[in-house]
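Each remark here refers to the structure printed beneath this line.
These numbers come from the heavy atoms of this one structure, side chains and all, not from hydrogens, waters or symmetry mates. What you see is a predicted model, and the numbers here were worked out from it, not measured in a lab. In the text below, chain A, chain B and the rest are named by the order of the sequence lines, each starting its count at 1.
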Protein chains: 2
Amino acid sequence: MAAGLSDRSVPDIDRRGLRDRVYDRILDILLSSEMEPGARLSIDTLAKQLKVSPTPIREAMVQLERTGLVTREALKGYRVAPPLGPEQLDELFEARIMLEVEAARLAAPRAASFLPALQQAHEHHHLMGERVTDAMRGGEVPIRTIHDYFDADNAFHLVILDAAGNRYVQDMYANLGALTHRMRQAVIRGTSDVSEAAVEHAAILEAFASGDPSSPVAALRAHIEGVRARSLDDSPGT
Amino acid sequence: MAAGLSDRSVPDIDRRGLRDRVYDRILDILLSSEMEPGARLSIDTLAKQLKVSPTPIREAMVQLERTGLVTREALKGYRVAPPLGPEQLDELFEARIMLEVEAARLAAPRAASFLPALQQAHEHHHLMGERVTDAMRGGEVPIRTIHDYFDADNAFHLVILDAAGNRYVQDMYANLGALTHRMRQAVIRGTSDVSEAAVEHAAILEAFASGDPSSPVAALRAHIEGVRARSLDDSPGT
DNA sequence: AAAGAAAAGATCCTATAGGAAATATAGACG
DNA sequence: CGTCTATATTTCCTATAGGATCTTTTCTTT
């Protein structure tokens with residue numbers, strides 16, 4: 001922890017190089033589903049649109065390729081990755097269960113140190129969830145509201161991941177992050193997930209507070225299995 | 001695997017783009033420990049050495065950054081990553097255990113389909129191991145021999161990973177591959193690991209053959225824990 | 001009319017050039 | 001003699017240009 005990576009908030013103002021900003025910009029475009037799956041991502045076109053040269057675009061694309069959001073064919077260019085099929089969805093959940101359950105196992109002994117943070121994240125998630133359901137009763141749900149809710153949900157899970165203290169597990173989870181976001185976006189319909197997620201998060205919080213090292217593992221597994229089940233319910237309604 | 005449609009014998013000879021070949025070349029340099037940790041990896045210098053322009057070098061570096069073998073500081077360039085410390089080594093083993101144990105759990109029910117391949121991989125690994133021990137008795141061990149042994153060892157594990165049928169787990173394992181290779185390189189001393197690894201691999205093979213779904217999980221866990229223990233024995237002798 | 005071939009257009013890929021920042025070096029001052 | 005400053009060099013970073021490849025369109029032929 002002494003040489004840890006806690007300095008995530010101060011990346012030297014604007015000292016990240018153009019390639020990182022281009023990466024963020026294209027990532028936003030992809031995550032907001034502004035482009036159809038399979039659509040070509042022309043290097044030159046993107047360069048003109050973002051008012052930069054092809055080189056930083058090219059670097060950002062290499063990085064994006066690793067997230068699974070774009071596919072590359074040598075000498076043919078990049079394309080928006082096709083949507084996740086049922087098998088990929090299943091494998092994604094399997095991978096998430098593996099990572100989060102293991103993270104819970106590692107974090108459980110040190111529950112006391114991060115319980116306040118987890119409690120706070122849970123309350124924030126609960127609040128954001130209420131805003132979503134309120135908006136749903138009124139009809140349209142602003143994109144910003146949905147975005148905030150996803151962020152809050154992700155933050156809750158990240159508290160546990162970070163508490164596990166394994167940088168490789170953290171990296172793996174971050175890699176799956178983009179695909180997870182895309183998956184959630186496609187399965188947002190229905191208010192059920194919001195309320196049930198809050199209940200399950202509460203159960204996870206209680207499990208960590210109980211002191212029993214095996215309870216959080218079971219609670220977390222139940223949560224992700226619950227998300228999976230609710231996703232499958234909605235997926236036929238394409 | 002099932003969705004593949006481009007299994008022609010020689011579909012893309014030399015059709016991988018310069019960036020991929022540059023990546024392989026630099027990866028070889030890094031894995032062979034020709035450069036000291038912390039040494040600068042100058043874009044221009046590498047471009048001149050490899051007789052290419054900076055652009056493909058730059059793309060390959062972005063890719064290498066994700067393997068953990070090089071570090072990047074914006075506006076300051078790339079450097080060879082520092083050697084793995086004790087904590088990182090521990091976390092790396094934790095991550096590998098998580099991945100491989102889960103892979104074994106997923107693969108166990110389909111053991112019959114990949115048992116022959118696993119058997120063959122085991123025999124090859126055993127053979128390569130004998131070559132290493134033979135060479136050790138004679139004094140020097142050729143680099144090629146060590147390389148072949150590592151490949152055989154890795155191939156054995158890959159059979160199980162592939163059998164798990166989860167592309168995300170496979171990707172994660174591949175990401176850890178470079179670091180794992182570097183770790184093994186630093187802990188190669190001692191012939192004990194070669195013979196013990198063969199014994200443990202045999203146990204894994206038997207566990208899969210037994211049909212009991214929980215045996216392979218335990219055997220695989222025992223194997224990696226064994227590797228970890230032997231690594232710790234050698235690490236003080238830096 | 002359909003299928004195949006050839007040419008035009010667009011795109012990717014690599015190379016070269018110049019500006020901005022960081023590191024190393026040399027000199028001046030306390 | 002040590003420290004600080006200013007200069008020079010190296011290096012990274014971005015932009016522009018040209019050759020190679022793929023895609024699309026058009027035209028010819030059966």
For B:R105, all residues meeting salt bridge (charged side-chain N to carboxylate O under 4.0 Å, His left out), sequence neighbours excluded = B:E102

A:H122: what forms a ring pair (Phe, Tyr, Trp, His ring centres under 6.0 Å) with it, not counting sequence neighbours?
-> none

Salt bridge (Lys or Arg N to Asp or Glu O under 4.0 Å): which pairs involve residues 145-154 of chain A, sequence neighbours left out?
-> A:R144-A:D148, A:D153-A:R184

Separation of D:dC12 atom P from B:Y78 atom OH, nearest Å, is 10 Å

Dump the pairs, protein N or O against N or O of nucleotides 6-10 of chain D, anything under 3.5 Å, distances to one decimal.
none

Which salt bridge (Lys or Arg N to Asp or Glu O under 4.0 Å) pairs, counting each pair once, include a residue from residues 56-81 of chain A, with sequence neighbours left out?
-> A:R58-B:E59, A:E59-B:R58, A:E65-B:R19, A:R72-B:D20, A:E73-A:K76

Can you sort out the partners of B:F93 under ring pair (Phe, Tyr, Trp, His ring centres under 6.0 Å), two or more places apart, ordered by chain and number?
-> none

A:Y168: what forms a ring pair (Phe, Tyr, Trp, His ring centres under 6.0 Å) with it, not counting sequence neighbours?
-> none

Specify the separation, in whole Å, of atom CE of B:M61 and atom C1' of D:dC12.
-> 12 Å

Quick one: is A:K76 getting a side-chain N or O under 4.0 Å of the D:dT23 phosphate, OP1 or OP2?
-> yes

Listed in order of residue number, which residues of residues 34-49 of chain A have a non-hydrogen atom at under 4.0 Å from DNA chain C?
-> A:R40, A:L41, A:S42, A:I43, A:D44

Can you tell me how far the CG atom of A:L41 sits from the CD1 atom of A:I57, to the nearest 0.5 Å?
-> 10.0 Å

Please identify each residue that fulfils ring pair (Phe, Tyr, Trp, His ring centres under 6.0 Å) with A:F156, with sequence neighbours left out.
-> A:H201

Any pair with a residue in residues 28-39 of chain B that passes salt bridge (Lys or Arg N to Asp or Glu O under 4.0 Å), sequence neighbours left out, goes on the list, sorted by first then second residue, please.
-> none

Name all pairs fulfilling the salt bridge (Lys or Arg N to Asp or Glu O under 4.0 Å) condition that reach into residues 37-54 of chain A, sequence neighbours left out, sorted by first residue then second.
-> none

All N/O pairs under 3.5 Å across the protein-nucleotides 14-16 of chain D interface:
{"from": "D:dT14", "atom 1": "OP1", "to": "A:L18", "atom 2": "N", "distance (Å)": "2.6"}
{"from": "D:dA15", "atom 1": "OP2", "to": "A:S53", "atom 2": "N", "distance (Å)": "2.4"}
{"from": "D:dA15", "atom 1": "OP2", "to": "A:S53", "atom 2": "OG", "distance (Å)": "2.8"}

Report the distance from atom CD1 of A:I57 to atom P of D:dC13, rounded to the nearest whole Å.
-> 16 Å

